[in-house]
K.L.:
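Okay, handing you the structure first.
Keep in mind it's a predicted model, so treat the numbers as computed, not measured.
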Amino acid sequence: MSHLQNDTFIRALLRQPTEYTPIWLMRQAGRYLPEYKTTRAFAGDFMSLCRNKDLATEVTLQPIDRFNLDAAILFSDILTIPDAMGLGLRFETGEGPKFERPLQHEQDIELLAVPDMNKLNYVFEAVAGIRKALDGRVPLIGFSGSPFTLACYMIEGSGSRDWRTVKTMLYTRPDLLHRVLDINTQAITQYLNHQIEHGAQAVQIFDTWGGTLSHEAFQTFSLHYIKQIIGSLKRNHNGATIPVIVFTKGGGQWLEQLANSGADAIGLDWTTDIAQARAHVNDQVALQGNLDPLALFGTPKTICTEAAHILAGYGHGHGHVFNLGHGINQHTPPEHVEILVETVHELSRQYHQ
């Protein structure tokens, strides 16, 4: 494996000195890029793109080739694990993911098992292929959904406005939900460790729907299991430290608890004030975020102003990774992404002197 030419992202996650604030974007390899659309059309459908290591490598590198980003993120999907569990994942145009066999009966939950990781070899092969293709340019991020976020889709069968089926189970049969979460936790731990073994240099846990839970339910049904995963991850591989990021959308009220989860960095959505967040966690962890993704639909001037506001909010010192507060919108103009990346690199240097 090549030596990292740009390790600014890794150093920032570990709160080590950097010359500027590094930046990457959630969903940076995706539908807003015309070159991605071309590759996706060639692949035929989304999961065929994920399962082809050469095409997955190609789309992972597309934003790295186009923009001066400080990290690449594996092109995949959080629902690969439940798909490997036999739930029958499919993506319908304009409707998002759907499972043919959701977990809505007790007997199905009793039969649920950690999948054979060989069924996910296409992901691990993609990690290895991407790492080789990057040739040390920037670090590679691996990822998974959180146990609760995966459970939401597995039980509901698709996306939802209110996650009523999941929450009905939570309040009527918490034992069943805990079984799903326990299986997911075991599977995610193995999955992320395999990604690390194949070359991922940092990992992120996407707790996308943790913020829909009540305060008590978040501790019991989301954070508890995230902490189990973090405690079982390989934090050092081939002599390199592997940082862990946790991103709970809507989790701004749980910053202290998240900072005590064992993670190296906490992702913030755009509703959280980064200055207040830094004060809350007292530099215990690095912070990642947190531009409103739709700010990229503003004028070049407003994009620069919003980025400057976040950089000033974090202030002087290290431990900040610039990102969006959620995934990039598919209609985002690519030229606005370039403006953001260059602005962050230029304006952040004053905070690292």
K.L.:
Checking side-chain polar atoms at under 3.5 Å, does Thr168 have a donor or acceptor matched by the opposite partner on Thr165?
P.N.:
no
K.L.:
Between Gln104 and Glu156, is there a side-chain donor-acceptor contact under 3.5 Å, judged purely by atom types and distance?
P.N.:
no
K.L.:
For side chain to side chain donor-acceptor pair (under 3.5 Å), just list the numbers for Thr299 and Thr302, CA-CA rounded to whole Å, side-chain angles, deciding distance to a tenth of an Å, and then say yes or no.
P.N.:
CA-CA 5 Å; Thr299 64; Thr302 58; 3.2 Å; yes
K.L.:
List, by chain and number, the other hydrophobic cluster members for Trp270, where Ile, Leu, Val, Met, Phe, Trp and Tyr join if side-chain heavy atoms come within less than 4.5 Å, directly or indirectly.
P.N.:
none
K.L.:
For Leu311 and His320, run side-chain contact (heavy atoms from CB on, under 4.5 Å): C-alpha distance rounded to whole Å, both residues' side-chain angles, the deciding distance at 0.1 Å, then the answer.
P.N.:
CA-CA 9 Å; Leu311 290 167; His320 181 204; 4.2 Å; yes
K.L.:
In sequence, state the C-alpha distance, the side-chain angles, and the governing distance for Thr80 and Asp77, and then conclude on side chain to side chain donor-acceptor pair (under 3.5 Å).
P.N.:
CA-CA 6 Å; Thr80 51; Asp77 193 83; over 6 Å; no
K.L.:
Applying side-chain contact (heavy atoms from CB on, under 4.5 Å), can you list everything that pairs with Asn236, at least two apart in sequence or on another chain?
P.N.:
Thr241
K.L.:
Determine which pairs satisfy side chain to side chain donor-acceptor pair (under 3.5 Å) with at least one residue from residues 49-59, sequence neighbours left out, and list them in order.
P.N.:
Thr39-Glu58, Arg51-Asp83
K.L.:
Going by ring pair (Phe, Tyr, Trp, His ring centres under 6.0 Å), name the pairs with one or both residues in residues 96-121, residues two or more places apart or in two chains.
P.N.:
none
K.L.:
Using the test side-chain contact (heavy atoms from CB on, under 4.5 Å), find all partners of Asn6 that sit at least two apart in sequence or belong to another chain.
P.N.:
Thr8, Tyr20, Asp70, Val138
K.L.:
Which pair of heavy atoms, one from Asp7 and one from Leu4, lies closest together, and at what distance?
P.N.:
CB-CD1, 3.9 Å
K.L.:
Output all residues satisfying side-chain contact (heavy atoms from CB on, under 4.5 Å) with Ala286, sequence neighbours left out; order by chain, then residue number.
P.N.:
Arg15, Ala265
K.L.:
Quick one: are Gln5 and Arg137 in side-chain contact, heavy atoms under 4.5 Å?
P.N.:
yes
K.L.:
Taking only residues at least two apart or on different chains, which pairs with a member in residues 189-203 satisfy salt bridge (Lys or Arg N to Asp or Glu O under 4.0 Å)?
P.N.:
Glu197-Lys234
K.L.:
Taking all heavy atoms of Val321 and all of Ala12, pick out the closest pair and write down the distance.
P.N.:
CG2-CB, 3.8 Å
K.L.:
Membership question, hydrophobic clusters at under 4.5 Å side-chain separation (ILVMFWY): are Leu111 and Ile183 in the same one?
P.N.:
no
K.L.:
Does Ala71 have any side-chain contact (heavy atoms from CB on, under 4.5 Å) partners at least two apart in sequence or in another chain, and if so, which?
P.N.:
Phe9, Trp24, Ile141
K.L.:
Measuring from Leu150:CG to Leu181:CG, what's the distance to the nearest 0.5 Å?
P.N.:
9.5 Å
K.L.:
Report the distance from atom OG1 of Thr208 to atom CG of Asp269, rounding to the nearest 0.5 Å.
P.N.:
11.0 Å
K.L.:
Just checking, any donor-acceptor pair under 3.5 angstrom between side chains of Arg11 and Gln16?
P.N.:
no
K.L.:
Do Asp45 and Ser48 get their side chains close enough for a donor-acceptor pair, meaning under 3.5 Å?
P.N.:
yes
K.L.:
For Phe297, which fellow cluster members are found when Ile, Leu, Val, Met, Phe, Trp and Tyr are connected by side-chain heavy-atom distances below 4.5 angstrom, either directly or through intermediates?
P.N.:
Leu294
K.L.:
In Å and rounded to the nearest 0.5 Å, what is the OG to CD1 distance from Ser261 to Ile226?
P.N.:
7.5 Å
K.L.:
Which donor-acceptor pairs under 3.5 Å do the side chains of residues 248-258 make with protein atoms, sequence neighbours left out?
P.N.:
| unit_1 | atom_1 | unit_2 | atom_2 | d |
| --- | --- | --- | --- | --- |
| Thr248 | OG1 | Asp207 | OD2 | 2.9 |
| Trp254 | NE1 | His215 | ND1 | 2.9 |
| Glu256 | OE2 | His280 | ND1 | 3.0 |

K.L.:
Is the distance between the ring centroids of Phe148 and Trp163 under 6.0 Å?
P.N.:
no
K.L.:
Passes side chain to side chain donor-acceptor pair (under 3.5 Å), Gln288 versus Gln204? Steps please.
P.N.:
CA-CA 11 Å; Gln288 179 176 278; Gln204 175 158 314; 3.0 Å; yes
K.L.:
For a quick test of reading the model, state the closest non-hydrogen atom pair linking Val281 to Ala259 and the distance between them.
P.N.:
CG1-CB, 3.9 Å
K.L.:
Is Asp108 salt-bridged to Arg101, cutoff N-O under 4.0 Å?
P.N.:
no
K.L.:
Give a yes or no on whether Arg235 atom CZ has more than 12 heavy-atom contacts from other residues, nucleotides or ligands under 6.0 Å away.
P.N.:
yes
K.L.:
What verdict does the side-chain contact (heavy atoms from CB on, under 4.5 Å) test give for Ile266 and Ile245, after you've listed the backbone C-alpha separation in whole Å, the side-chain angles of each residue and the deciding distance to 0.1 Å?
P.N.:
CA-CA 6 Å; Ile266 305 302; Ile245 310 161; over 6 Å; no
K.L.:
Side chains of Asn260 and Gln284: is there a donor and an acceptor less than 3.5 Å apart?
P.N.:
yes
K.L.:
Write out all pairs satisfying ring pair (Phe, Tyr, Trp, His ring centres under 6.0 Å) with one or both partners inside residues 52-90, taking only residues at least two apart or from two chains.
P.N.:
Tyr36-Phe75, Phe46-Phe75
K.L.:
Report the residues that fulfil side chain to side chain donor-acceptor pair (under 3.5 Å) with Glu338, sequence neighbours left out, ordered by chain and then residue number.
P.N.:
none
K.L.:
Looking only at the side chains, is there a donor atom on one of His178 and Tyr225 sitting less than 3.5 Å from an acceptor on the other?
P.N.:
yes
